[in-house]
Amino acid sequence: GGDAALAGADALEPFGEFDLLEEESAELGVGWPGPQAVSRRQVASPEGDLSALVWGEGPPEAVLLHGMALNAHTFDAVALALGRPLAALDLPGHGDSAWREDERYHPGALAPSVALAIESLAGQGTTLVGHSLGGLTAIEVARLSPGLVSALVLVDISPGLRPKGAAPVRSFLEGPQVFSSRQEILERALRFGYGRSRAALERGVWLNTTQRPDGTVVWRHHIGQLSASGDASPPISELWAPLEAFPGDVLLVWGEDGFLGEEVAEELCRRLPRASAVRVPGGHNVQESEPMRLAAILAGFLDRRR
């Protein structure tokens with residue numbers, strides 16, 4: 001805790017993965033549950049082991065799936081604010097999860113191993129909360145393993161996403177992949193408008209990067225290092241059919257400066273009569289810009305389903 005984060009993202013190198021959570025809970029004004037509140041867990045999969053953060057005691061009330069080029073720590077503030085049993089998964093190729101040899105990271109490719117991990121972490125009838133790529137993957141998981149998923153919360157994502165909506169994130173990811181310091185990444189992320197505070201962004205950059213022996217810094221995900229041939233992903237509009245066939249509750253939480261816009265949120269509610277949509281301030285990474293608000297929305301959603 002203390003003023004560690006004020007010294008810049010590079011000063012965080014000596015800390016352990018969970019060492020700054022107490023500081024984060026103080027910033028948020030929520031009670032610090034103590035270091036025993038969260039632990040790492042590995043789940044075996046044919047495509048390589050997946051890693052998850054398991055919060056609290058007892059079966060997780062929800063499993064959280066992050067967006068492209070992020071990791072499970074993107075939900076730290078939400079988990080601290082919610083204070084309930086949760087599991088946050090590192091998607092394949094992200095965080096502590098294994099990189100896929102086939103370099104395929106579209107929702108259909110990710111869903112089988114993600115479904116295995118959800119089954120292991122939370123069992124049948126789970127609420128999935130998916131941000132961006134994690135939300136699209138959640139739809140595929142629900143199609144693949146119908147009994148596994150009882151409800152879906154989509155965070156700033158819809159099969160109706162217009163390509164222009166994702167342009168700012170794409171241009172951020174298409175930037176440099178090797179940096180002289182974490183501070184260099186931090187300054188670039190600030191220019192792109194990421195983070196609810198400088199301290200929060202410093203923590204996020206630190207938890208999503210690694211320092212190589214030569215002192216340079218690289219991302220802790222596979223996305224930026226894929227071969228130029230790339231992976232021809234199916235259009236996400238193909239996910240309308242499984243989403244419309246999903247029998248459970250669907251909630252869309254979208255940022256007013258995020259990817260979607262009013263017309264996309266309205267389209268989802270029109271196509272899924274049992275769905276509801278909530279607009280919140282801020283950009284695409286709602287869990288980072290508005291964690292308290294997202295936690296309150298999730299608490300209400302989970303309580304209504306008890």
Side-chain angles (χ1 to χ4, degrees), residues 17-18 21 33 36-67 70-98 107-155 157 242-243 246-253 287 291 294-306:
E17 179 179 22
F18 304 127
L21 288 173
Q36 79 292 340
V38 61
S39 59
R40 271 265 167 214
R41 182 160 156 207
Q42 299 297 121
V43 181
S45 133
E47 280 97 23
D49 287 359
L50 299 189
S51 187
L53 299 179
V54 177
W55 292 85
E57 304 292 320
E61 293 187 31
V63 176
L64 314 176
L65 305 176
H66 63 78
L70 297 171
N71 60 52
H73 282 293
T74 190
F75 289 109
D76 283 357
V78 173
L80 287 166
L82 206 49
R84 299 182 186 210
L86 302 166
L89 189 66
D90 281 337
L91 292 178
H94 296 75
D96 283 12
S97 291
L110 298 181
S113 55
V114 169
L116 278 176
I118 292 164
E119 174 84 66
S120 171
L121 293 163
Q124 298 285 305
T126 298
T127 296
L128 295 189
V129 179
H131 168 246
S132 204
L133 174 63
L136 300 174
T137 302
I139 298 169
E140 280 282 16
V141 169
R143 179 184 65 80
L144 191 68
S145 307
L148 191 59
V149 185
S150 60
L152 289 169
V153 180
L154 304 177
V155 181
I157 196 66
L243 185 58
F246 177 67
D249 293 333
V250 177
L251 172 64
L252 171 67
V253 183
Q287 69 281 2
L294 181 57
I297 291 166
L298 292 177
F301 185 75
L302 291 169
D303 285 347
R304 284 195 300 278
R305 308 196 65 263
R306 276 183 169 162

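In this chain, numbering begins with 1 at the start of the sequence shown.
Under the 3.5 Å distance criterion, the side-chain polar atoms of D90 are matched with a main-chain donor or acceptor of A72. Although no hydrogens or angles enter the test, the distance criterion places no donor-acceptor pair under 3.5 Å between the side chain of T74 and the main chain of N71. Without hydrogens or angle criteria, S145 side chain to L148 main chain gives no donor-acceptor distance under 3.5 Å. At distances below 3.5 Å, at least one donor-acceptor pair connects side-chain atoms of S150 with backbone N or O atoms of G125.
At a threshold of 4.5 Å between non-hydrogen side-chain atoms, the residues R84 and L302 count as touching. L89 places a side-chain heavy atom less than 4.5 Å from the side chain of V114. With a 4.5 Å cut-off on side-chain heavy atoms, V153 and V253 count as touching. Counting heavy atoms from C-beta on, the side chains of R305 and D249 come closer than 4.5 Å. Put simply, the side chain of P92 reaches to within 4.5 Å of the side chain of L50, judged on heavy atoms. Looking at L53 and F18, their side chains come closer than 4.5 Å, going by heavy atoms from C-beta outward. Between V43 and D49 there is no side-chain heavy-atom pair separated by less than 4.5 Å. Here the side chains of P33 and L80 are in contact, with some heavy-atom distance below 4.5 Å.
With 3.5 Å as the limit, one finds a donor-acceptor pair spanning the side chains of E17 and H73. Residues R41 and S51 bring no donor and acceptor atom of their side chains to less than 3.5 Å of each other.
Here the straight-line distance linking atom OG of S97 with atom CD of E47 works out to 12.0 Å at 0.5 Å rounding.
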**Study point:** Stepwise side-chain contact (heavy atoms from CB on, under 4.5 Å) check, V155 with I157
**Key:** CA-CA 6 Å; V155 181; I157 196 66; over 6 Å; no
Practice item. Determine, stepwise, if the pair W55 / L82 fulfils side-chain contact (heavy atoms from CB on, under 4.5 Å). Key: CA-CA 10 Å; W55 292 85; L82 206 49; over 6 Å; no
**Study point:** Candidate pair L91 and H66, rule side-chain contact (heavy atoms from CB on, under 4.5 Å), full reasoning
**Key:** CA-CA 7 Å; L91 292 178; H66 63 78; 3.6 Å; yes
Practice item. Apply side-chain contact (heavy atoms from CB on, under 4.5 Å) to L243 and L152, showing your working. Key: CA-CA 9 Å; L243 185 58; L152 289 169; 3.8 Å; yes
